[in-house]
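Below: one structure, written as structure tokens.
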Amino acid sequence: MDKMIFGRYYPGNSFVHRLDPRLKLVVNIMFIVLIFLIKHWYDYALLGGVVIAGVLLSGVSLKFFLRGLRPMLWLILFTVGLQLFFTSGQHVYWQWGVLSLSQEGLINATYIALRFLLIIFMSTLLTLTTQPLAIADGMEYLIRPLKVVHFPVNDVALMLSIALRFVPKLMDETTKIMNAQRARGVDFNNGSLIKRVKALIPLLIPLMMSSLDIATDLTTAMISRGYRDGEGRTRYRILKWQRADSLTLVAFVVITVVAII
Amino acid sequence: MTEQPIIRVKNVTYSYPYADKPALNKINLTIQAGQWVAIVGHNGSGKSTLAKTFNGLIEPQSGEIYFNGKLLNEETVFDVRSKLGIVFQNPDNQFVGATVADDVAFGMENNGVPRDEMITRVEAALRQVHMWDYRHQEPARLSGGQKQRVALAGVLAQRPQVIILDEATSMLDPQGRREIINLMTQLRQDGNFTIISITHDVDEAALTDQLVVIDDGVLVNTGTPSELFADPEQLHRHGLTVPLSARISQQLRTADYALPDRYLNDRQLVDELWTLHSKM
Ligand SMILES: Nc1ncnc2c1ncn2[C@@H]1O[C@H](COP(=O)(O)OP(=O)(O)OP(=O)(O)O)[C@@H](O)[C@H]1O
Ligand SMILES: [Mg+2]
């Protein structure tokens with residue numbers, strides 16, 4: 001249960017780990033945009049090189065990256081399959097009704113697969129080397145300009161960081177309730193699909209109740225510690241932009257320019 | 001102690017929405033600065049509700065609260081919250097920060113304390129509760145007693161005048177409970193805090209200067225622990241257990257044995273009995 005998306009941080013102190021979360025977020029966003037702009041194989045090679053460099057610098061073993069692929073595997077196979085068999089082209093190798101396998105299809109499918117791979121590796125690099133909370137902090141900085149349009153940036157950031165932190169707690173709570181229900185003879189693992197879904201209902205209701213309890217307690221604690229809204233708040237934890245961050249950014253901008261031209 | 005009381009509760013009545021009887025019924029109470037006060041009463045008697053009126057978490061339907069002589073209202077409430085800290089019962093659900101140090105800083109962040117100042121105060125507060133070594137840890141990974149100490153540090157960092165512990169030790173094991181109670185005793189010695197303990201623990205209540213007994217939203221009695229423990233019958237009627245030693249002392253006193261007029265815990269009672277015995 002606790003090996004879910006948010007628990008993926010891999011503690012370490014590598015170059016990538018030490019980079020500013022804001023930088024890692026910005027580079028990720030730029031990277032995704034870039035992936036959709038490039039057209040040539042050598043651009044893919046360049047970006048592939050960037051990802052490989054990142055993976056090596058992070059010091060995280062490849063198997064954790066591959067694990068990041070797993071939840072997306074079916075989506076990738078499905079999309080690649082679509083490209084492969086539904087692209088019409090000049091050089092058709094094989095045809096069966098609407099399905100055809102052409103050279104163009106093959107090339108498109110390869111590119112699509114590469115795009116997926118590169119994007120997933122890059123974002124996995126972010127989540128593996130950055131604590132969820134640092135990501136939330138980084139996001140807060142990045143959405144700060146929205147303050148101009150009276151978007152409650154501080155509140156949203158706090159909400160995000162609390163939500164992230166309570167995920168493991170809710171998991172614990174779920175396990176606890178599941179065990180309590182098991183002790184009463186509920187079977188979560190066997191029976192027809194409908195039966196199993198039904199078994200989840202006595203799980204969801206107590207879970208919702210206990211979440212509400214936690215939320216009420218937490219709100220009470222926050223209010224009595226003087227929380228109002230973002231205005232006039234100071235910050236204890238701050239992000240420090242360093243030389244390595246500037247250099248990485250410059251390097252990435254150069255790569256972007258090279259790839260686009 | 002003739003200066004104005006730090007907290008004055010005047011005729012406060014409060015009912016929760018849809019409740020058929022008030023949780024607080026015309027409460028009048030005065031708490032002097034520097035005192036250690038225990039609020040006792042059976043489950044559901046209204047202790048937590050009363051504490052929540054002190055910092056405006058709950059707004060009474062009638063009556064007033066004065067903090068340092070100033071009426072609690074929308075303008076003064078944030079000032080009061082920075083000077084009155086509460087440690088709650090459930091150690092798990094009161095952490096906002098991701099690390100111990102972060103959490104301790106939360107209250108100060110809300111009050112706009114400059115960062116440099118926060119850094120020194122976080123360290124001082126964590127050292128005071130002996131949790132400085134844990135500053136980078138996630139609060140969730142701490143033991144119950146450690147969690148409550150961190151919560152207490154969060155309150156201390158705000159430099160409060162009043163500290164309220166709402167059954168802060170009730171979910172702890174005896175060891176954790178002792179840690180917190182020792183800390184409170186120490187704080188009382190070296191700071192000028194007013195401490196309000198909401199507690200079911202008679203031994204903790206016995207340490208205080210003033211006991212406030214609440215039953216079904218009504219303040220039924222207040223006095224020093226020895227005054228109140230002297231009448232175990234009455235406490236019993238309000239659903240409170242009186243320590244065995246207090247009951248024995250009471251019986252002995254009515255049987256004309258010369259026991260001192262204050263509350264004696266088990267040890268003290270045994271000592272007194274030996275003294276009596278040697279005089280016989
Ligand atoms: N959020 C709420 N909504 C409605 N009623 C409430 C709420 N909180 C408490 N009550 C009711 O108000 C009364 C007083 O509750 P309160 O929590 O103040 O008691 P307490 O003395 O702190 O009890 P305990 O020793 O169990 O903590 C109880 O009858 C309780 O059921
Ligand atoms: Mg209570």
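Nothing here was measured: the structure is a model prediction, and the numbers come from that model. Residue numbers begin at 1 in each chain, while the letters A, B, ... track the order of the sequences.
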>> Less than 4.5 Å to any heavy atom of chain A: does that hold for the side chain of B:Ala98, its backbone, both, or neither?
In response: both

> For the candidates A:Thr216, A:Leu158, A:Ile162, A:Ile238, which exhibits the highest count of non-hydrogen atom pairs separated by less than 4.5 Å from chain B?
Replying inline: A:Ile238

> Among B:Asn90, B:Val122, B:Asp92, which has the most heavy-atom pairs under 4.5 Å with chain A?
Replying inline: B:Val122

>> Can you tell me how far apart OG1 (B:Thr99) and OH (A:Tyr236) are? Round to the nearest 0.5 Å.
In response: 7.0 Å

Enumerate, atom names and distances included, each donor-acceptor pair closer than 3.5 Å involving a side-chain atom of residues 206-213 of chain A, sequence neighbours excluded.
unit_1, atom_1, unit_2, atom_2, d
A:Ser210, OG, A:Leu207, O, 3.3
A:Ser211, OG, A:Leu207, O, 2.6

> For the residue pair B:Glu109 and A:Arg237, what are the closest heavy atoms and their distance?
Replying inline: OE2-N, 4.2 Å

> When heavy-atom pairs shorter than 4.5 Å are enumerated against chain A, which of B:Ala101, B:Ala151, B:Ser82 gives the highest number?
Replying inline: B:Ala101

> Looking at B:Val155, B:Asp103, B:Val104, which has the largest count of heavy-atom pairs under 4.5 Å with chain A?
Replying inline: B:Asp103

> Taking every heavy-atom pair that is under 4.5 Å apart, which of B:Val77, B:Asn55, B:Asp102, B:Leu57 has the most such pairs with chain A?
Replying inline: B:Asp102

> Where do A:Arg228 and B:Asn110 land on the side chain to side chain donor-acceptor pair (under 3.5 Å) test, with the steps shown first?
Replying inline: CA-CA 7 Å; A:Arg228 357 189 171 171; B:Asn110 293 334; over 6 Å; no

> Would you find a donor on one side and an acceptor on the other, under 3.5 Å apart, between the side chain of A:Thr234 and the backbone of B:Arg115?
Replying inline: no

> Is the CZ atom of B:Phe106 crowded by more than 12 outside heavy atoms at less than 6.0 Å?
Replying inline: yes

>> Are there residues of residues 218-225 of chain A whose heavy atoms fall under 4.5 Å of chain B's heavy atoms? If so, which?
In response: A:Leu218, A:Thr220, A:Ala221, A:Met222, A:Ile223, A:Ser224, A:Arg225

>> Does any backbone or side-chain atom of B:Glu138 lie under 4.5 Å from a heavy atom of chain A? Answer side chain, backbone, both or neither.
In response: neither

> Are more than 12 heavy atoms from other residues, nucleotides or ligands located less than 6.0 Å from atom CD of B:Gln61?
Replying inline: yes

>> Counting only non-hydrogen atoms closer than 4.5 Å, does A:Ile214 touch chain B with its backbone (N, CA, C, O), its side chain (CB onward), both, or neither?
In response: both

> Taking atom NZ of A:Lys147 as the centre, does the number of heavy atoms from other residues, nucleotides or ligands within less than 6.0 Å exceed 12?
Replying inline: yes

